[in-house]
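Right, one structure below, let's go through it.
Throughout, numbering of the chain's residues begins at 1 and tracks the sequence.
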Amino acid sequence: MRTLTEPTMNQLLSQYNGVIYQAMKQTGIYKPSPDFEDFYQTGCMKLFEAYQSCSEDPLSEEHRYQFVKYSGQKLRWAFLDEKRKEKIHTERTEFDSQEQLEHVPSFEYFEVELEFQEQVRQLIHCLTTRELLFLQERFYLGLTITEIAKKHGVSRKTVHQWRNNLQEKASFLREKNIY
């Protein structure tokens with residue numbers, strides 16, 4: 001591993017500055033971009049890293065073209081990684097802000113929600129033991145109809161009947177609430 005001195009850094013930048021700009025251009029980073037300078041700084045750092053990890057001396061004329069190819073690839077990967085990280089960060093930030101806005105309940109929503117909860121309580125009082133069992137195992141435990149049938153030693157048709165009876169009794173919820 002090579003040591004990096006200030007004169008070497010200056011020489012690398014003067015000789016290979018075009019490699020940084022070319023890699024930026026190839027990954028879609030142009031001057032009008034607000035992150036242009038940040039990417040350029042990242043490019044300088046990656047160029048210095050490439051110099052330190054290169055097996056041959058990039059400052060010699062005979063290894064110049066190999067270093068251009070090696071450092072160019074290293075720079076493109078670094079730029080693409082940064083863009084990917086930035087995109088993920090932006091998506092998470094947008095998702096979080098949308099989620100926060102969606103979870104701010106309005107008074108009207110609160111009233112509707114209370115009414116719906118009361119209707120669900122009324123429904124539960126109307127259900128048979130089997131229909132309650134279906135409701136719990138299907139929606140709370142996430143079991144499939146086949147799994148419920150096997151667990152209770154009944155046919156799938158019987159479990160479908162439990163579901164149909166539950167749906168029929170819950171039809172008043174759909175009529176009053178459009179969700």
Side-chain angles (χ1 to χ4, degrees), residues 1-114 116-117 120 134-151 156 163 177-179:
M1 189 155 180
R2 294 184 172 75
T3 57
L4 197 59
T5 62
E6 191 171 332
T8 306
M9 290 166 64
N10 290 333
Q11 188 176 2
L12 278 170
L13 285 176
S14 69
Q15 225 175 346
Y16 296 108
N17 204 25
V19 175
I20 297 171
Y21 287 118
Q22 181 64 25
M24 289 172 72
K25 182 179 177 183
Q26 289 173 337
T27 52
I29 304 163
Y30 300 101
K31 274 212 187 247
S33 170
D35 299 329
F36 184 82
E37 290 298 321
D38 294 334
F39 278 104
Y40 179 76
Q41 291 299 320
T42 300
C44 291
M45 300 296 278
K46 292 299 176 183
L47 182 71
F48 300 148
E49 286 177 21
Y51 170 78
Q52 289 178 315
S53 64
C54 188
S55 59
E56 304 295 332
D57 181 21
L59 297 175
S60 70
E61 192 59 38
E62 64 185 271
H63 301 292
R64 176 179 172 82
Y65 296 108
Q66 291 172 341
F67 183 71
V68 166
K69 185 173 175 107
Y70 172 72
S71 62
Q73 185 62 49
K74 195 169 182 77
L75 290 166
R76 283 188 296 278
W77 286 342
F79 294 148
L80 289 173
D81 280 347
E82 285 297 317
K83 288 177 82 170
R84 179 185 51 79
K85 288 176 191 175
E86 187 177 299
K87 181 180 178 187
I88 289 170
H89 176 71
T90 303
E91 287 173 354
R92 283 185 183 157
T93 304
E94 287 174 359
F95 178 76
D96 289 345
S97 64
Q98 285 177 346
E99 190 175 80
Q100 288 172 354
L101 289 175
E102 289 172 0
H103 289 321
V104 175
S106 67
F107 185 72
E108 183 178 301
Y109 174 79
F110 183 71
E111 286 179 336
V112 169
E113 184 65 26
L114 282 176
F116 180 73
Q117 287 176 6
V120 169
F134 174 81
L135 189 64
Q136 178 184 8
E137 293 188 350
R138 181 73 178 115
F139 296 105
Y140 183 69
L141 299 177
L143 299 178
T144 64
I145 290 180
T146 304
E147 292 169 333
I148 295 170
K150 284 181 183 178
K151 183 176 179 181
R156 292 184 66 228
R163 184 195 64 191
N177 300 299
I178 300 174
Y179 286 103

Seminar exercise, completed: All heavy atoms of Pro58 vs all of Tyr51, minimum pair found to be CG-CD1, 3.3 Å

Exercise. Would you say the side chain of Asp35 lies within less than 4.5 Å of the side chain of Lys83, judging by non-hydrogen atoms?
Worked result: no

Problem set entry | Nearest-0.5 Å distance, NE2 of residue His89 to NZ of residue Lys85 | 13.0 Å

For this session: Report yes if some heavy atom in the side chain of Leu141 is under 4.5 Å from a heavy atom in the side chain of Ile148; otherwise report no.
Result: no

Exercise. Side-chain contact, heavy-atom cut-off 4.5 Å: Leu75 with Phe39?
Worked result: no

Exercise. Could you give the distance from OG (Ser55) to NE2 (His63), rounded to the nearest 0.5 Å?
Worked result: 8.0 Å

Exercise. Where do Gly142 and Glu147 come nearest, in terms of heavy atoms and distance?
Worked result: O-OE1, 4.3 Å

For this session: Kindly say whether Ser71 contributes a backbone atom to a donor-acceptor pair with the side chain of Tyr16 at under 3.5 angstrom?
Result: no

Exercise. Which heavy atom in Phe79 sits nearest to a heavy atom in Ile20, and how many Å separate them?
Worked result: CE1-O, 4.0 Å

Exercise. Which heavy atom in Lys25 sits nearest to a heavy atom in Tyr30, and how many Å separate them?
Worked result: O-OH, 3.6 Å

Problem set entry | Close side-chain approach of Glu82 and Thr27, heavy atoms under 4.5 Å | no

For this session: Answer whether the closest heavy-atom distance between the side chains of Arg84 and Leu80 falls below 4.5 Å.
Result: no

For this session: Side-chain contact test, heavy atoms from C-beta onward, threshold under 4.5 Å: evaluate it for Val19 versus Tyr70 and give yes or no.
Result: no

Exercise. Nearest 0.5 Å, what's the OG1-CD distance between Thr8 and Gln15?
Worked result: 11.0 Å

Problem set entry | Phe48 CZ to Met9 CE distance, which is reported to the nearest 0.5 Å | 4.0 Å

Exercise. Which atom names give the shortest non-hydrogen contact between Leu143 and Arg138, and what distance separates them?
Worked result: O-NH1, 3.0 Å

Seminar exercise, completed: CD (Gln26) and OH (Tyr21) are apart, to the nearest 0.5 Å, by 15.0 Å

For this session: Salt-bridge test for Lys46 and Glu49: reply yes if a basic N is under 4.0 Å from a carboxylate O, no otherwise.
Result: yes

For this session: Could you pull out the closest heavy-atom pair between Leu13 and Cys44, with the gap in Å?
Result: CD2-SG, 3.7 Å

